[in-house]
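Some notes on the structure that comes next.
In each ligand, atom 1 is the first atom listed, and ligand 1 is the first ligand listed.
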Amino acid sequence: MIGIELEQAVELLSNKINLIEDYEEVELEQALGRNLVEDFYAPIYQPPFNRSPLDGIAVRAQDTVGANTDHPKTFKIIETVFAGMASQKRLGMGQAVRIMTGAPLPEGSDAVIRQEEVVFKGEEAMVQKSVSPYSNYCYKGEDIQKGQLLIEKCTTLTAIHLGVLASMGCNKVRVRRQLRVGLMSTGDELIKPGLPLEEGKIYNANTTLLAARLKELGMIPLIIEAQQDDPDHVARKIKEMIPQLDILLTTGGVSVGQKDIMHEVILKLQATRLFWKVNMQPGTPILAMELGEQLILSLSGNPFAALATFECIARPVLGKMSGQSYVYPVKAEGVLKGAFNKVSKKRRMIRGLYEEGDVTIPYEHASGVLSSMIGCNCLIDIEADTPNILEGTKVKVIKL
Ligand SMILES: Nc1nc2c(c(=O)[nH]1)N[C@H]1C(S)=C(S)[C@@H](COP(=O)(O)OP(=O)(O)OC[C@H]3O[C@@H](n4cnc5c(N)ncnc54)[C@H](O)[C@@H]3O)O[C@H]1N2
Ligand code: MOO
């Protein structure tokens with residue numbers, strides 16, 4: 001298929017793939033951003049025992065009835081309990097236990113009086129006002145009941161979830177395994193960053209850009225070194241690497257030039273071409289193929305084009321495969337600040353900054369230019385056959 005709509009391309013690819021159901025058990029420290037595969041039920045109560053929320057004395061509320069400044073009630077302190085200790089005593093009439101914040105409340109007590117409201121004299125504590133039962137009393141399980149459904153499966157674990165899991169004594173969780181996404185840039189002109197730049201060559205920006213983007217989306221990028229424009233060699237490399245991958249992304253070599261080798265690579269691989277060219281700019285010449293049951297998305301070499309097609313086409317596919325809702329592109333509407341003085345014959349994605357509903361466009365937005373993407377956080381989706389866009393026009397955006 002040649003020249004299909006963006007939505008059609010996404011649908012076609014999405015119909016080819018399924019959610020990757022495999023899971024693994026990881027330490028809590030490794031679980032941030034991961035997708036829980038089973039419901040988590042609380043194995044214990046939180047707090048695990050009745051406890052004091054204050055430093056003070058634990059008493060029987062009934063023993064404070066009638067206490068006031070003129071007639072304080074005197075309590076005998078029979079024990080001191082600190083957080084981490086278990087109380088050994090049971091409170092009798094007129095007795096109190098000196099207690100610290102977080103310490104278990106002793107049997108028989110039903111209230112805590114804060115230290116500042118108590119006058120201590122040796123082994124005695126004087127109380128000048130009455131307290132009601134269960135004041136300053138933290139119940140066992142008042143936060144979490146044992147057996148309660150605490151975190152639903154498919155939740156993406158945040159720092160808060162991990163804190164709650166740790167509070168339950170949990171140190172490992174079952175999470176969906178991360179997608180392994182292969183990345184291969186092609187092009188005779190590519191030089192690995194860090195090496196000297198030679199005449200006519202450019203540094204490979206795409207591999208680093210997309211690898212970082214994949215990591216941001218919670219996936220594992222498996223970087224294959226950049227390949228020369230040699231279809232035999234590229235096809236061999238793909239065959240060698242594909243068994244380790246869930247999906248492969250390549251960049252470069254998809255247009256109509258004499259070294260746009262990916263068309264030949266498809267033949268050498270005996271892969272099936274799903275489509276070539278999507279009605280959007282940049283990134284038009286994206287090529288999608290299927291090798292066995294695996295997808296290979298070959299994005300255009302221009303870094304911004306590669307990024308735009310990654311965001312619009314690869315992300316929804318990766319979203320379905322990973323089961324992570326945040327991987328899908330998020331769409332919004334904004335109001336254009338400043339005009340966009342260019343006619344868009346084709347559907348166009350331009351970079352922009354989306355801030356509280358306002359959208360601004362940087363000066364430079366050519367497909368080969370990546371630097372002006374710094375500071376941008378969205379793509380503006382401009383329909384085909386749109387004339388210049390005036391300031392104040394409502395525009396559709398895809399957030400990055
Ligand atoms: N006669 C035509 N020429 C072109 C057409 C066309 O329809 N007819 N389409 C243009 C469009 S649109 C695009 S987009 C590019 C796409 O070209 P390819 O995807 O085949 O990519 P390359 O030619 O390999 O590279 C394009 C450009 O990007 C640079 N590049 C490539 N890889 C990287 C990388 N890893 N890091 C940084 N930069 C990279 C490369 O040097 C080129 O400058 O084709 C147009 N031509
Ligand atoms: O589709 Mo190309 O990416 O315009 O430059």
Step-by-step salt bridge (Lys or Arg N to Asp or Glu O under 4.0 Å) determination, R347 to E7
CA-CA 12 Å; R347 182 174 185 177; E7 287 72 17; 2.9 Å; yes

Pick out which of V37, T155, L157 makes a side-chain contact (heavy atoms from CB on, under 4.5 Å) with V175.
L157

Check each atom of ligand 1 against the heavy atoms of P303 and keep those under 4.0 Å away; list them by number with element.
37 (C), 38 (N)

I'd like to check whether P285 has a polar contact with ligand 1, where a contact means an N/O of the residue lying under 3.5 Å from an N/O of the ligand.
no

Would you kindly check if the NZ (Lys) or CZ (Arg) of R348 is within the cone defined by 45 degrees around the ring axis of F340 and under 6.0 Å from the six-membered ring centre?
no

The option among A205, A305, S255 carrying the non-hydrogen atom nearest to atom 44 (O) of ligand 1 is S255

Contact between ligand 1 and G257 is defined here as a heavy atom of the residue under 4.0 Å from a ligand atom; is it met?
no

Just let me know how P285 lines up against ligand 2, side chain, backbone, both or neither, with a heavy-atom cut-off below 4.0 Å.
side chain

For atom 3 (N) of ligand 1, which of the options D260, T251, V256 provides the nearest non-hydrogen atom?
V256

Short list, please: which atoms of ligand 1 are under 4.0 Å from a heavy atom of N204?
34 (C), 35 (N), 36 (N)

From NZ (K215) to CG (L217), nearest 0.5 Å
12.5 Å

With a 4.5 Å cut-off on side-chain heavy atoms, are Q281 and T284 touching?
yes

Atom indices of ligand 1 within 4.0 angstrom of Y203 heavy atoms, with elements
36 (N), 37 (C)

Note: ligand 1 atoms sitting under 4.0 Å from heavy atoms of S300 are 14 (S), 16 (C), 19 (O)

Would you say the side-chain atoms of Y137 and D110 include a donor-acceptor pair closer than 3.5 Å?
no

Tell me whether the guanidinium CZ or amine NZ of R351 lies under 6.0 angstrom from the six-membered ring centre of F304 and within 45° of its axis.
yes

Which protein heavy atom lies closest to atom 38 (N) of ligand 1, and at what distance to 0.1 Å?
I202 CD1, 3.2 Å

Evaluate N302 for polar contact with ligand 1, using N/O atom pairs at a separation under 3.5 Å.
yes

For atom 34 (C) of ligand 1, closest protein heavy-atom neighbour:
N206 ND2, 3.2 Å

So is G253 close enough to ligand 1, meaning a heavy atom under 4.0 angstrom away?
yes

Under a 4.0 Å threshold between the charged nitrogen and the carboxylate oxygen, would R174 count as salt-bridged to E38?
yes

Any atom of ligand 1 sitting under 4.0 Å from a heavy atom of G368?
no

Can you list the atoms of ligand 1 that are under 4.0 Å from a heavy atom of G252?
21 (O), 24 (O)

For ligand 1, which atoms have a heavy atom of S185 less than 4.0 angstrom away?
35 (N)

Minimum-distance protein heavy atom relative to atom 30 (N) of ligand 1:
G301 O, 3.2 Å

Is it the case that the side chains of N35 and Q324 hold a donor-acceptor pair, with the cut-off being a distance below 3.5 Å and no angle test?
yes

Only heavy atoms count here, so choose which of L210, V254, L190 is nearest to atom 20 (O) of ligand 1.
V254

Is there a heavy atom of P282 sitting under 4.0 angstrom from any atom of ligand 1?
no

Pick one: which of R177, R180, Q294, Q178 meets side chain to side chain donor-acceptor pair (under 3.5 Å) with D246?
R177

Within the 4.5 Å heavy-atom criterion, are P362 and C376 side-chain neighbours or not?
yes

Is the closest side-chain donor-acceptor distance between S344 and T386 under 3.5 Å?
no

Distance under 4.0 Å to a non-hydrogen atom of G283: what atoms of ligand 2 satisfy this?
1 (O), 2 (Mo), 3 (O)

Taking only heavy atoms of E189, which atoms of ligand 1 are found under 4.0 Å from at least one of them?
31 (C), 40 (C), 41 (O)

Using distance alone, determine whether T284 and ligand 1 share an N or O pair under 3.5 Å.
no

Those atoms of ligand 2 less than 4.0 Å from some heavy atom in A305:
3 (O)

Atoms in ligand 2 flagged as close to T284, the criterion being non-hydrogen separation under 4.0 Å:
1 (O)

Is ligand 2 under 4.0 Å from a heavy atom in the side chain of N302, in the backbone, in both, or in neither?
side chain

Considering non-hydrogen atoms of the protein only, which is the closest contact for atom 5 (O) of ligand 2, and what is the distance?
S367 OG, 2.7 Å

Do D143 and P47 come close enough that some side-chain heavy atom pair is under 4.5 Å?
yes

Taking the side chain as every heavy atom from C-beta outward, state whether E152 and D39 have any atom pair closer than 4.5 Å.
yes

Could E311 and R213 be called an ion pair, given the rule that one side-chain N must be under 4.0 Å from one carboxylate O?
yes

